[in-house]
Amino acid sequence: GAGVSQSPSNKVTEKGKDVELRCDPISGHTALYWYRQRLGQGLEFLIYFQGNSAPDKSGLPSDRFSAERTGESVSTLTIQRTQQEDSAVYLCASSPQVNTEAFFGQGTRLTVV
Amino acid sequence: AQKITQTQPGMFVQEKEAVTLDCTYDTSDQSYGLFWYKQPSSGEMIFLIYQGSYDEQNATEGRYSLNFQKARKSANLVISASQLGDSAMYFCAMRGGAGGTSYGKLTFGQGTILTVHP
């Protein structure tokens with residue numbers, strides 16, 4: 001596709017349920033990033049991938065959060081046993097190389113009720 | 001570890017005037033990149049400008065310029081001739097370069113909300 005695609009665009013889930021958020025990066029981009037943005041706040045780093053490996057997972061808030069990337073393409077961010085404080089916009093970005101700008105998707109707005 | 005600090009939660013500027021948005025950073029890496037992004041109320045993240053740590057000249061892109069002062073570890077964004085459409089949240093970001101402990105990691109500041117008055 002022409003840009004970074006995230007799905008779903010909106011997700012409402014009940015507390016305690018698991019959710020999967022998907023990111024399709026721009027084809028050929030080796031680096032992929034996940035961020036969380038709460039309302040009116042900055043971007044909180046979660047994890048990034050170089051190819052299929054994740055050199056830095058330090059931003060994952062708890063062991064309920066996990067992410068994987070396959071085929072140096074699609075990435076999935078999974079949140080288990082969702083809590084209300086997980087409500088936020090989850091942004092994905094990709095870049096062709098590590099030393100170039102990152103291109104962002106439109107985000108997935110997650111609401112935990 | 002790398003850290004980005006934006007000390008101005010909000011800034012106001014009159015249309016057609018210039019405005020400077022502050023950004024300071026902290027890193028132990030020798031090689032790194034600095035970025036500015038704009039986030040309008042629609043939520044999309046728009047890349048504005050990039051400065052490499054070894055670039056001797058300040059980066060410019062149209063009405064945007066980056067005032068890079070390496071010794072002070074600052075990378076302020078200057079917007080000239082402000083327009084109403086410049087009203088948005090602005091984020092400063094840093095990415096660690098090759099050979100560093102934060103290689104590839106892209107870290108953002110908390111952002112500055114810019115409001116342009118007519």
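Each chain gets a letter, A, B and so on, in the order the sequences are listed, and its residues count up from 1.
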Are [X] and [Y] close enough that some pair of their side-chain heavy atoms sits under 4.5 Å apart?
| X | Y | result |
| --- | --- | --- |
| A:E101 | B:F47 | yes |
| A:S58 | B:K105 | yes |
| A:Y35 | B:L106 | yes |
| A:Y33 | B:R95 | yes |
| A:L43 | B:M45 | yes |

Treating B:Y37 as the side-chain partner and A:A102 as the backbone partner, does any N or O pair qualify as donor plus acceptor under 3.5 Å?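 Yes, the answer is positive, given that a donor and an acceptor are paired below the 3.5 Å cut-off.
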
Is [Y] reachable from [X] through a run of I, L, V, M, F, W or Y residues, each pair having side-chain heavy atoms under 4.5 Å apart?
| X | Y | value |
| --- | --- | --- |
| B:Y64 | B:M89 | no |
| B:Y50 | B:F68 | no |
| A:V112 | A:I79 | yes |

A:Q41 versus chain B, the contacting section by heavy-atom distance below 4.5 Å: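 Both parts, heavy atoms under 4.5 Å.
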
Under 4.5 Å from a heavy atom of chain B, the part of A:Q37 involved: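 For A:Q37, side-chain heavy atoms alone lie under 4.5 Å from chain B.
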
Got a sec: does the [atom1] of [X] have more than 12 other heavy atoms crowding it under 6.0 Å?
| X | atom1 | answer |
| --- | --- | --- |
| A:L39 | CG | no |
| A:E14 | CD | no |
| B:Q30 | CD | no |
| B:K70 | NZ | yes |

Can A:F45 and B:F108 be said to form a ring pair (Phe, Tyr, Trp, His ring centres under 6.0 Å), step by step? CA-CA 8 Å; A:F45 170 82; B:F108 284 79; 9.6 Å; no

With a 4.5 angstrom heavy-atom cut-off, which part of B:Q39 approaches chain A: side chain, backbone, both or neither?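 Side chain of B:Q39 only, per the 4.5 Å heavy-atom cut-off to chain A.
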
